[in-house]
There are 2 protein chains.
Amino acid sequence: MKTAPEPARADEPRWLTDQEQRVWRSYIEATTLLEDHLDRQLQRDAGMPHIYYGLLVKLAESPHRRLRMTELAKSAKITRSRLSHAVARLEKSGWVRREDCPSDKRGQFAVLTDEGHEVLRRHAPGHVDAVRQAVFDRLTPEQQESLGEIMRIIAEGLEPSEAGADLPWLR
Amino acid sequence: MKTAPEPARADEPRWLTDQEQRVWRSYIEATTLLEDHLDRQLQRDAGMPHIYYGLLVKLAESPHRRLRMTELAKSAKITRSRLSHAVARLEKSGWVRREDCPSDKRGQFAVLTDEGHEVLRRHAPGHVDAVRQAVFDRLTPEQQESLGEIMRIIAEGLEPSEAGADLPWLR
DNA sequence: CAGACTTGCTTGAACTATCAACTTCTGCCG
DNA sequence: CGGCAGAAGTTGATAGTTCAAGCAAGTCTG
């Protein structure tokens, strides 16, 4: 199974140091455990995975509780395809409905239904509790701030817009 | 915020402050983007998702390149069921094989094959690069250390062993 | 040593994610 | 206008995840 003899990589790669490896392993472990934990909590209590819950929250925060599909996808950092499937499922559950966009016939709005809003209202406390217990209650204020900054940096580096991010003269 | 008849929850929940919300949103965005990014990179280059790659790494680091299924699952922070499916797939790809455990007839070893080791060798540099670019190259040494500590704390709080962690008299 | 319980691991069904088409519509350029 | 590139969103096939249930082998208890 020869795929390629390492093209575009002349010299020895910069392996992670022991310290970096420890950090990275901790990152993987924490994120794996936390995602799993929140998914399980929300699946059990609210009947949907964490990311679907996040979609409902985004809609609830939006004017008229609605958002164009593409906007919602961008905001949740997922592909349009994934969102399409997700909204289909949320529609089946009665928590979201689609509406045509009058100004662009290709467009669709995802709209939070009253039922969807109610589900959110009912399960938000439990979810906040879970997040608190797993994260905020265990960190000092300094660590919380640091976490925010670090995550902001990582996210920025991965934004799809990154392509042009090194062309500051275009901004 | 009137949340009215909240059953099984006497007092008003402790909502996240604005600051906490910002941190939390950054966390979700960064982890979503990063997981996606690494999955895509490894799927494209090595033909497997990130977590599968992690399993091969664990095996490679283990004595005789083998680990009991349960050990591997614990170490990767996933369920045995998920591991079972994963190993089945890795077996099909020829990167892992199963072996019976002589001392416990219920037991199975997952063993990294030579092909598996080769795949790892070939694609490790690209993966390390991706991790560096997304994370370590963007953080100061202090931030790296802070990230490690924070993630360690979160992971510890979510270890399955947590159940008995507040019953020290049992230890 | 029988029975009950636990551990180790697997299985199948239902669900979710990904990837590559595909449809429809918009904006643009001549 | 006519044509065409690109955007918005969906779809279906394939792959991965979850959950509950299951089997078989080990362990404990009386």
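- Salt bridge status for R121(A) with E118(A): present, with a side-chain N to carboxylate O gap under 4.0 Å.
- Following rounding to the nearest Å, L83(A) (CG) and dT18(C) (C1') show an atom-to-atom distance of 14 Å.
- Heavy-atom distances to DNA chain C give each of S103(A) and Y52(A) a nearest nucleotide, and the one nearer the 5′ end belongs to Y52(A).
- More than 12 heavy atoms of other residues, nucleotides or ligands sit less than 6.0 Å from atom NZ of K58(A).
- A sub-4.0 Å separation between OP1 or OP2 of dT16(C) and a side-chain N or O of R82(A) is absent.
- Between the CG atom of L67(A) and the C1' atom of dA8(D) there is a distance of 14 Å, rounded to whole Å.
- Applying the 3.5 Å distance criterion, the base of dT17(D) shares no donor-acceptor pair with the side chain of S81(B).
- Residue R68(B) places at least one side-chain N or O under 4.0 Å from the OP1 or OP2 atom of dC9(C).
- Atom CG in D39(B) sits roughly 16 Å away from atom P in dA15(D) (whole-Å rounding).
- Nearest to the side chain of I51(B), among dT18(C), dT26(C), dT17(D), sits dT17(D).
- Checking dT10(C), dT18(D), dC19(C) against every side-chain atom of R40(B), the shortest atom distance belongs to dC19(C).
- Atom pair F109(B):CZ and dT10(C):P shows a separation of 13 Å (rounding to whole Å applied).
- Summarising the geometry, the separation between NE2 on H50(B) and P on dA17(C) is reported as 19 Å, rounded to the nearest angstrom.
- R98(A) comes within 4.0 angstrom of the backbone, heavy atoms only, and of no base.
- For L16(A), the side chain to side chain contact (heavy atoms under 4.5 Å, CB included) test picks out E20(A), Q21(A), W24(A), V128(B), R132(B), F136(B), with sequence neighbours left out.
- With dT11(C), dT18(D), dG16(D) as the choices, the nucleotide that has an atom nearest any side-chain atom of D36(A) turns out to be dT18(D).
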(Q) The test is side chain to side chain contact (heavy atoms under 4.5 Å, CB included); show your working for L56(B) and M48(B) and say whether it passes. (A) CA-CA 11 Å; L56(B) 298 191; M48(B) 70 188 121; 3.6 Å; yes

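- Under 3.5 Å, the side chain of H85(A) and the base of dG9(D) form no donor-acceptor pair of N or O atoms.
- Note: CD (Q43(A)) to P (dA14(C)) measures 15 Å, nearest angstrom.
- Within 4.0 Å (heavy atoms only), D104(A) reaches sugar-phosphate atoms of the nucleic acid but no base atom.
- Picking from dC9(C), dC25(C), dT18(C) the nucleotide with the shortest atom distance to the side chain of K105(A) gives dC25(C).
- The pair E159(A)-K77(A) meets the salt-bridge criterion, since a charged nitrogen lies less than 4.0 angstrom from a carboxylate oxygen.
- Counting to the nearest Å, the P atom of dT16(C) and the CE atom of M48(A) are 11 Å from each other.
- Between E71(A) atom CD and dA7(D) atom P there is a gap of 14 Å when expressed in whole angstrom units.
- For a distance-only test at 3.5 Å, the side chain of T79(B) fails to qualify as a donor-acceptor partner of the base of dT18(D).
- Here dT10(D) is the nucleotide among dT10(D), dC9(C), dT24(C) with the atom lying nearest to any side-chain atom of M69(A).
- Salt bridge present: R40(B) and D36(B) bring a charged side-chain N and a carboxylate O closer than 4.0 Å.
- Close to dT24(C), at under 4.0 Å from its OP1 or OP2, lies no side-chain N or O of R106(A).
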